[in-house]
Amino acid sequence: QVRLLESGGGSVQAGGSLKLSCVVTGEMPIYMAWFRQTPGKEREGVACIGFRSSNSDYADSVKGRFTISRDNAKNTMYLELKSLKPEDSAMFYCAARSSRGCRLESSFYSDWGQGTQVTVSS
């Protein structure tokens with residue numbers, strides 16, 4: 001088991017940018033991901049990444065706007081959010097230890113952080 005701590009959320013206007021961080025306590029997992037969730041909706045996979053960063057995937061809704069990356073030496077994963085839209089507003093969660101590789105389904109991940117809130121105003 002690893003512990004995950006997200007940071008970097010905040011309130012921005014539409015078109016703005018944020019960079020989220022997820023610090024890992026413990027051995028850096030091979031597969032990690034970012035998810036987001038709004039009240040009353042299911043958790044949605046945003047992006048995932050493999051250990052060497054060459055393997056990644058994105059939800060269609062964020063392709064070209066969000067970039068996932070990781071620095072294994074710093075035990076940290078990142079999500080850079082650009083061209084933010086009001087519909088991007090959500091609690092963003094870091095997830096780790098997928099049983100099925102780089103996937104955007106929440107059921108495959110065993111470890112989760114507490115989340116960081118992103119709010120985008122129009």
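All values derive from a computational prediction rather than experimental measurement.
Taking the side chain as every heavy atom from C-beta outward, Phe66 and Leu79 approach each other to under 4.5 Å. Residues Tyr58 and Val46 have side chains not in contact (no heavy-atom distance under 4.5 Å, counting atoms from C-beta outward). Residues Val12 and Ser17 have side chains not in contact (no heavy-atom distance under 4.5 Å, counting atoms from C-beta outward). Side-chain contact check for Ile49 versus Asn55: every heavy-atom pair is 4.5 Å or farther apart.
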Would you check, one step at a time, whether the test side chain to side chain contact (heavy atoms under 4.5 Å, CB included) holds for Phe92 with Glu6? CA-CA 8 Å; Phe92 280 70; Glu6 304 96 331; over 6 Å; no

Stepwise side chain to side chain contact (heavy atoms under 4.5 Å, CB included) test for Leu4 and Met77: CA-CA 10 Å; Leu4 308 172; Met77 177 180 67; over 6 Å; no

Where do Leu18 and Val118 land on the side chain to side chain contact (heavy atoms under 4.5 Å, CB included) test, with the steps shown first? CA-CA 9 Å; Leu18 286 171; Val118 172; 3.9 Å; yes

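Residues that satisfy the salt bridge (Lys or Arg N to Asp or Glu O under 4.0 Å) test with Arg65, not counting sequence neighbours, are Asp88.
For residues 37-54, the salt bridge (charged side-chain N to carboxylate O under 4.0 Å, His left out) pairs, not counting sequence neighbours, are Arg36-Glu44. Applying the salt bridge (charged side-chain N to carboxylate O under 4.0 Å, His left out) rule to pairs touching residues 101-122 yields Arg97-Asp111, Arg103-Glu105, sequence neighbours excluded. Pairs engaging residues 72-81 under the side-chain hydrogen bond (donor to acceptor under 3.5 Å, both in side chains) rule: Arg70-Asn72 [sequence neighbours left out]. The stretch residues 34-79 participates, sequence neighbours left out, in these disulfide bond (SG atoms under 2.5 Å apart) pairs: Cys48-Cys102.
Hydrophobic clustering (side-chain heavy atoms under 4.5 Å, transitive across Ile, Leu, Val, Met, Phe, Trp, Tyr) groups Met32 together with Val62. Neither Leu5 nor Val24 shares a network with the other; the hydrophobic side chains, linked directly or stepwise wherever heavy atoms of I, L, V, M, F, W or Y lie under 4.5 Å apart, form separate groups for each. Side-chain heavy atoms closer than 4.5 Å link hydrophobic residues (I, L, V, M, F, W, Y) into clusters, and following such links, possibly through other members, connects Val2 to Trp34.
Phe108 belongs to a hydrophobic cluster with Phe35, Met91, Tyr93, Tyr109, Trp112, counting contacts under 4.5 Å between side-chain heavy atoms of Ile, Leu, Val, Met, Phe, Trp and Tyr, direct or through other members.
The structure places OG of Ser11 at 11.0 Å from CG of Leu84, a figure rounded to the nearest 0.5 Å. Atom-to-atom distance recorded for Thr38:OG1 and Glu87:CD is 11.5 Å, nearest 0.5 angstrom.
When all heavy atoms of Thr116 and Gly9 are compared, the closest pair comes out as OG1-N, 3.0 Å. Residues Ser121 and Pro86 come closest through the heavy atom pair C-CG, 4.4 Å.
Within a 6.0 Å radius of CD in Gln114, no more than 12 heavy atoms belonging to other residues, nucleotides or ligands are found.
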